[in-house]
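In what follows, every heavy atom counts, from backbone to side chain, and hydrogens, waters and symmetry copies are set aside. Because the structure is a prediction, the values reported are computed rather than measured. Per chain, numbering begins at 1; letters A, B, ... match sequence-line order.
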Amino acid sequence: MAGQSGTGTSATRRLGILVILMLATLALCGLWFSAEDVVQGSTVRIMYIHVPSIWTAYIAFGLTALCSGVYLSGKNRSLSWDRVAGAAGEIGVLFVAVSLVTGSMWGRLTWGTYWVWDARLTSTAFLFITYVGYLAVRQLGGTHRQRARRSSVLALLAILEIPLVHFSVTLWRSLHQEASVANPNAKVELDGLMLFSLFLGLVAFTMLFVWLVLHRQRAMMLEDAFSDRGLDVAITARRNEAGA
Amino acid sequence: MDLTPRTATEPGAQPPVRKRRWLPILIVVAALLGGGVIVTQFLTSAIDYYCNVDEIGVRPGCEGERRMRVQGVVEQSSIKQGDGGTTFVLDFNKKTLKVAYSGDPGGVFQECIPVIAHGRMVNGVFESDRIEVKHSNQYVEKNATRIDESNKEAAACSVLKG
């Protein structure tokens, strides 16, 4: 980080510009070029944010679990893995929240209600609560290694909810429709430009996630370094007092 | 940054007060309570959210005059509105059910679309006070060159029925 004034590098700046361009293209495709749905009308456009949001959350929580597993199984137990896990967890929670809010808006317009306690919505709410708890556990105090150990175990347990959420619409009877792309029949149920806009959304949101994680884990590294420096200063002060 | 050994050498000094991080603890407790509520809702409501029309009086939990949710496809030309209410016929697996809804259904309610009606059976009619439109996983572009106005309704119906 020497010679750097923030958490950005030339690579992240280039990635950031690319993300902005991708999101602008998504806005054009989603709001302008793609047609209305024959039943939903313009409400379908919410899908271009809703689906990429939950997709990104799945990736985020997957990365959280992966880094947690590497941290726990690695010989040197580098805290970098824990910081990436924490950063991905934070961003994942943000994207689940976006997915819940946009889904609720879509539900009001299509189903006629903001919320129902069906299998998909209930399991997604549970996923959200679980990872809010994960983030709270990370803040409980103790050393960085204590934080890393307990949150890694929790992350490895929480990831088991993802298949439950994704397959909830096939496992149980749900108001929420089954997947239109990643379904068991491997049949894509979207017309051309709708599918393209959705795919564009998935790519754009994934790139946005990568950009956010890169910055957040670097910010976390600075926070940890600041905390360690405070400890070093306090220990030095005590030693000086003892020696005086 | 507090390192507790200092106070042990200071006679008369107050013992250090260990700072607890209450906010994360409260969030963890709230998450556990929230999780408990959600699991309860899941067990009572989310599993088998509805009965299909052909399961009424046949499947456990779908019989009698108890309150239930019924899923079926709105039969073509069956919607009638009047006296502040809406009546229509639900169709599923060649079984039909007459529904009387006290109001104007919201969402994208229309013929040939799957819906879930909340209510209870009264004299062979399902009296409903809530309708939820169950959208399929098919997304079809509204395309003027492909679907003209005269057959749009029929096309939508065939799409939704699969």
Side-chain angles (χ1 to χ4, degrees), chain A residues 34-41 43-44 47 107-113 116-123 125-126 129-130 132-141 168-169 172-180 183 189-195 198 227 230-231 233-235 237-238 241-242, chain B residues 1-3 5-6 9 19-21 23-35 37-39 41-42 44-52 69 71 105-110 112-116 130-144 147 152 155-156 159-160:
Chain A
S34 71
E36 292 181 357
D37 179 77
V38 73
V39 175
Q40 301 173 58
T43 308
V44 71
M47 174 178 68
R108 180 69 186 89
L109 295 166
T110 306
W111 297 335
T113 180
V116 293
W117 289 104
D118 81 336
R120 171 56 69 80
L121 275 68
T122 308
S123 57
F126 191 67
I129 291 282
T130 302
V132 168
Y134 166 82
L135 296 182
V137 163
R138 290 185 65 84
Q139 301 296 324
L140 281 177
S168 59
V169 288
W172 298 286
R173 293 179 177 181
S174 173
L175 177 62
H176 194 287
Q177 64 270 40
E178 292 185 12
S180 299
N183 55 40
E189 304 280 9
L190 280 98
D191 271 359
L193 203 51
M194 286 177 166
L195 182 63
L198 183 63
S227 170
L231 183 66
V233 168
I235 288 170
R238 298 300 189 281
E241 285 169 17
Chain B
M1 188 63 61
D2 176 55
L3 293 173
R6 172 186 274 173
T9 61
K19 285 184 181 174
R20 279 213 169 272
R21 295 188 173 190
L23 184 63
I25 292 171
L26 286 174
I27 294 174
V28 169
V29 172
L32 287 172
L33 288 173
V37 170
I38 290 170
V39 168
Q41 287 290 344
F42 185 78
T44 56
S45 175
I47 293 177
D48 289 344
Y49 187 71
Y50 52 79
C51 304
N52 288 319
R69 307 177 188 121
Q71 193 262 163
V108 291
F109 180 84
Q110 57 186 264
C112 306
I113 202 162
V115 301
I116 295 170
R130 179 170 173 169
I131 300 286
E132 290 158 359
V133 178
K134 191 177 187 304
H135 192 271
S136 77
N137 63 342
Q138 291 178 312
Y139 295 82
V140 182
E141 287 180 352
K142 193 186 279 184
N143 190 328
I147 305 172
K152 189 171 71 177
V159 162
L160 290 163

Per-residue tally against chain A (heavy atom, under 4.5 Å) across B:Ile38, B:Val29, B:Val115, B:Ile27 peaks at B:Ile38
Using heavy-atom distances under 4.5 Å, tell me whether A:Val132 contacts chain B through its side chain, its backbone, both, or neither.
both
The side-chain contact (heavy atoms from CB on, under 4.5 Å) partners of B:Leu26 (sequence neighbours excluded) come to none
All side-chain contact (heavy atoms from CB on, under 4.5 Å) counterparts of A:Ala35, not counting sequence neighbours
B:Glu141
NZ/NE/NH1/NH2 to OD/OE distance under 4.0 Å, B:Glu132 and B:Lys134
no
Measure the spacing between CZ of A:Arg173 and OH of B:Tyr50 and express it to the nearest 0.5 Å.
6.0 Å
Check each atom of A:Leu121 against the heavy atoms of chain B and say whether the ones under 4.5 Å are side chain, backbone, both or neither.
neither
